[in-house]
Amino acid sequence: MRRSAAVLRVAVVSLVVLGLALPPLAAALRPLRERVASAGAAASSGSWADEHAFYKRDDNDMSPYSWNITGTYKGSWSFAGATNGSSRFLEFVTSKGDSVLELLSTPTKISGVHYVQGTITFHDVIDKSHDRGVAQIRLEGVYIWPFRQLRMVANSGADGEPLQEEDYFLSNPYHLLRIFSSQVFQDSSEEKNRRKNSLTHDMEKHCNIEIAAKVVRVSSNQNGEHEKYRLEGLMESPSVDDDGECFSSILLNSTSLNVEAYYNKAVNYTLMVTFISFLQVLLLIRQMEHSNTQSGAAKVSIIMIGQQAIMDAYLCLLHLTAGILVESLFNAFATAAFFKFVVFSIFEMRYLLAIWKASRPLNSGEGWEIMRRELSVLYSRFYGILLGGILLMYELHNFLRPLLFLMYSFWIPQIVMNVIRDTRKPLHPQYILGMTATRVAIALYIFGCPSNFMRIEPDKKWCIAVTTFMSIQAAVLLLQHYLGSRCFIPRQILPEKYCYHRKVEDSTNQPIDCVICMTTIDLSQRTSEYMVAPCEHIFHSGCLQRWMDIKMECPTCRRSLPPA
């Protein structure tokens with residue numbers, strides 16, 4: 001509270017000076033403008049050259065909405081002079097870069113004066129002690145809205161007082177989703193906190209950071225809400241011990257972001273995820289109808305379905321966490337998480353159970369205790385892998401994108417199973433194409449969209465790589481569907497395959513009936529008209545193929561049949 005009281009006293013003195021002697025105020029600011037002009041910052045002349053801009057009131061703009069400059073300002077920074085660099089603690093990689101300014105403006109008892117807290121984040125900066133690419137400094141000051149003036153100094157919170165700006169950050173979806181995405185896809189929270197605290201502490205001990213800026217309203221709607229502001233100013237850092245400046249003067253130019261537009265962008269993303277989940281439900285139903293028999297379900301790889309179920313479970317947890325973190329977006333993210341929960345917990349887990357039962361036909365008729373024991377093993381393995389994957393990604397968060405690339409190899413187990421068992425058409429083509437497109441859509445949005453709501457830098461190479469990888473897998477599955485499961489395998493290395501269409505010598509001249517259709521089989525016809533099982537039982541080709549789509553057992557003796 002001592003700091004806030006001191007700032008308010010400064011504001012009172014400022015108001016007295018503004019009210020009694022406006023020309024001396026302009027004279028006091030003139031050296032600041034002259035330093036900028038002498039440094040060659042011609043671009044700033046339009047912002048600081050007009051002396052009346054510092055004390056001219058906008059009599060037509062008395063709306064209380066114009067008092068509040070709370071929000072996120074995104075723009076650029078650049079050195080004001082020819083001598084660029086830092087003598088203490090900060091090493092600037094380039095002479096300009098991107099910056100993000102978060103401000104929280106609180107009205108005071110003095111009319112027209114707001115107490116402002118916030119942080120400024122510089123990109124393209126390296127901290128020598130921690131070798132990071134981002135520098136963040138806490139600020140506080142006053143905003144005198146009739147004169148559009150903002151004055152701020154560095155604040156590290158050394159007095160142990162909680163900063164009011166943190167309450168704003170904990171309710172701002174733009175800031176919260178940035179923290180969420182950075183923790184999930186980029187740096188860990190421990191590294192960010194350690195970097196922020198150490199940097200601010202060092203700067204506070206050895207440097208006086210001062211920001212003088214002018215805030216101009218750019219546009220607003222007819223109701224006066226959701227106004228857009230432009231902030232232009234100068235940041236200086238004279239040293240505490242008179243050893244010169246901590247770093248060269250920096251020009252700031254930022255524009256406030258429309259949080260509602262950002263909010264709508266996040267809502268549109270959740271609508272996209274919900275629509276994708278709905279399509280995946282339809283595709284799963286289509287595939288389950290395609291393999292609704294025991295033989296058809298046994299052809300599907302349980303690893304392939306389990307891997308997709310784990311991916312949907314992760315997406316469900318991520319969206320639910322984002323909804324809990326950002327209270328204003330809870331309904332949107334909770335809806336997306338619910339649909340993902342429906343996909344993996346109802347449809348994919350049910351399909352997983354059907355495949356597991358089809359692969360164990362002998363156990364289906366056994367007692368309930370044995371079935372329950374094996375079911376518990378199945379579910380334990382699934383949720384164990386799910387939890388282990390979360391721990392693995394936490395430990396290897398720096399290699400998250402290679403891990404995601406590995407997760408998108410879920411078609412490979414099915415391809416390998418088709419080659420080993422020589423299965424016929426285990427997956428429906430619509431399921432292959434639809435799942436490939438819907439699975440890659442979310443990844444392309446997060447890592448490929450330049451204006452994604454998570455503000456993650458696009459990675460075109462990774463997006464091209466994962467799209468090509470998924471397309472190759474889908475193309476191989478389609479080739480196996482239409483040309484055979486082993487169409488791309490050289491015949492020289494293929495294992496010997498049982499031939500159902502072999503010649504049968506009929507020495508008894510007695511008619512042989514097909515036990516499936518109960519009609520006579522003419523053995524004098526071509527061998528493609530009938531099929532001979534390994535147990536020497538003979539059937540019509542069409543009859544046995546349809547039977548094998550249901551059961552891979554001989555209709556006569558119940559002996560297991562090899563793939564046709």
Side-chain angles (χ1 to χ4, degrees), residues 282-302 304-305 350-365 414-434 477-487 489 494-506 510-564:
L282 297 180
L283 292 170
L284 279 168
I285 293 175
R286 185 70 183 89
Q287 171 60 27
M288 292 170 73
E289 292 176 349
H290 177 73
S291 58
N292 59 354
T293 62
Q294 178 180 339
S295 176
K299 297 177 183 178
V300 181
S301 172
I302 193 171
M304 181 264 295
I305 298 297
R350 177 184 175 186
Y351 198 29
L352 201 69
L353 180 60
I355 296 171
W356 173 80
K357 290 177 65 177
S359 62
R360 291 168 173 79
L362 297 179
N363 296 335
S364 299
Q414 184 65 56
I415 295 174
V416 174
M417 181 177 178
N418 292 346
V419 174
I420 294 176
R421 299 186 180 182
D422 194 19
T423 54
R424 298 173 57 253
K425 301 181 179 180
L427 303 178
H428 196 281
Q430 294 179 3
Y431 176 77
I432 298 173
L433 295 175
L477 283 174
L478 291 176
L479 287 176
Q480 290 181 327
H481 181 85
Y482 291 105
L483 302 180
S485 300
R486 300 175 176 177
C487 60
I489 305 296
L494 285 177
E496 185 178 355
K497 183 180 178 180
Y498 178 78
C499 181
Y500 281 90
H501 301 282
R502 54 190 176 88
K503 186 66 176 177
V504 176
E505 298 294 337
D506 187 9
Q510 294 181 355
I512 300 177
D513 295 335
C514 175
V515 299
I516 299 175
C517 64
M518 304 304 293
T519 59
T520 304
I521 302 174
D522 188 0
L523 298 179
S524 62
Q525 296 180 350
R526 294 175 299 176
T527 56
S528 60
E529 298 296 328
Y530 59 89
M531 298 175 67
V532 183
C535 53
E536 302 298 330
H537 294 120
I538 306 174
F539 312 93
H540 290 115
S541 296
C543 295
L544 186 59
Q545 287 177 354
R546 287 190 296 270
W547 176 270
M548 292 171 67
D549 288 337
I550 301 175
K551 287 186 177 182
M552 294 298 292
E553 298 176 355
C554 175
T556 303
C557 64
R558 303 301 180 183
R559 180 179 174 181
S560 298
L561 297 176

If you take all heavy atoms of [X] and [Y], which pair is closest and at what distance?
{"X": "Val419", "Y": "Ser485", "result": "CG2-O, 3.7 Å"}
{"X": "Val515", "Y": "Pro555", "result": "CG2-CB, 4.0 Å"}
{"X": "Ala298", "Y": "Ala358", "result": "N-CB, 3.7 Å"}
{"X": "Arg502", "Y": "Val532", "result": "NH2-CG1, 3.2 Å"}

[atom2] on [Y] to [atom1] on [X], rounded to 0.5 Å:
{"X": "Ile302", "Y": "Leu353", "atom1": "CD1", "atom2": "CG", "result": "8.5 Å"}
{"X": "Met531", "Y": "Gln545", "atom1": "CE", "atom2": "CD", "result": "5.0 Å"}
{"X": "Met288", "Y": "Leu283", "atom1": "CE", "atom2": "CG", "result": "13.0 Å"}
{"X": "Cys543", "Y": "Ile516", "atom1": "SG", "atom2": "CD1", "result": "5.5 Å"}
{"X": "Met304", "Y": "Leu352", "atom1": "CE", "atom2": "CG", "result": "10.0 Å"}
{"X": "Leu477", "Y": "Ile415", "atom1": "CG", "atom2": "CD1", "result": "4.5 Å"}

Residue of the set Gln414, Gln480, His290 for which side chain to side chain contact (heavy atoms under 4.5 Å, CB included) holds with Leu427: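 Considering Gln414, Gln480, His290, a side chain to side chain contact (heavy atoms under 4.5 Å, CB included) with Leu427 is found only for Gln414.
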
Main-chain N/O of [Y] paired to [X] side chain as donor or acceptor, under 3.5 Å:
{"X": "Ser291", "Y": "Gln287", "result": "yes"}
{"X": "Lys299", "Y": "Lys425", "result": "no"}
{"X": "His537", "Y": "Cys554", "result": "no"}
{"X": "Ser541", "Y": "Tyr530", "result": "yes"}
{"X": "Arg559", "Y": "Ala533", "result": "no"}
{"X": "Ser295", "Y": "Met548", "result": "yes"}
{"X": "His428", "Y": "Gln430", "result": "yes"}
{"X": "Thr423", "Y": "Pro426", "result": "no"}
{"X": "Tyr500", "Y": "Pro562", "result": "yes"}
{"X": "Trp547", "Y": "Phe539", "result": "no"}

Heavy atoms from other residues, nucleotides or ligands near CZ of Arg421 exceed 12 (cutoff 6.0 Å):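 Result for CZ/Arg421: open.
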
Is [Y] close to [X] at the side-chain level, that is, under 4.5 Å between some pair of heavy atoms?
{"X": "His540", "Y": "Cys517", "value": "yes"}
{"X": "Leu478", "Y": "Ile432", "value": "yes"}
{"X": "Ile305", "Y": "Ile355", "value": "yes"}
{"X": "Cys514", "Y": "Ile538", "value": "no"}

CA sep, side-chain torsions, deciding dist, call: Leu282, Arg286, side chain to side chain contact (heavy atoms under 4.5 Å, CB included): CA-CA 6 Å; Leu282 297 180; Arg286 185 70 183 89; over 6 Å; no

